[in-house]
Amino acid sequence: MADEELTQRVARLERQVMELTERSADAAAARVLASGADRDVAEVRAELRAHTGTMNALRQDQVDLREEMREGFATVNRSLQQIIGLLGGAQPGTGEST
């Protein structure tokens with residue numbers, strides 16, 4: 001009876017060792033997948049940072065352009081006011097002078 005019990009215990013231990021070996025292989029595969037996902041996430045973050053930098057540069061260009069346009073229109077407006085003044089102060093659209 002002792003030999004039969006020992007055989008059963010050894011068989012049970014062998015099954016447990018086999019299960020642990022399979023779990024270990026699964027864990028190793030999971031680690032490989034996780035490291036691949038980590039690299040993918042890092043690449044996406046790098047691309048997102050690059051896109052964000054591009055958008056910020058574009059925004060700054062738009063802000064600068066808007067300021068240049070405002071200055072340009074203000075210059076044109078002053079020039080037109082000078083022309084109106086030189087023409088005798090005629091009000092635009094009425095044909096009358098002041």
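If you read the sequence from its start, that first residue is 1, and numbering goes on from there. Values reported hereafter were calculated over all heavy atoms of this structure, with side chains retained and with hydrogens, waters and symmetry mates removed.
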(request) Determine which pairs satisfy side chain to side chain donor-acceptor pair (under 3.5 Å) with at least one residue from residues 34-62, sequence neighbours left out, and list them in order. (result) Q60-D64
(request) Report the distance from atom CE of M55 to atom CG of L48, rounding to the nearest 0.5 Å. (result) 11.5 Å
Output a table of donor-acceptor pairs, distance under 3.5 Å, between side-chain atoms of residues 11-29 and any protein atom two or more places apart or on a different chain; print 'none' if there are none.
| residue | atom | partner | partner atom | Å |
| --- | --- | --- | --- | --- |
| T21 | OG1 | V17 | O | 2.8 |

Atom pairs and distances, side-chain donor-acceptor, residues 73-82, under 3.5 Å, sequence neighbours left out:
| residue | atom | partner | partner atom | Å |
| --- | --- | --- | --- | --- |
| T75 | OG1 | E71 | O | 2.9 |
| T75 | OG1 | R78 | NH2 | 3.2 |
| S79 | OG | T75 | O | 3.0 |

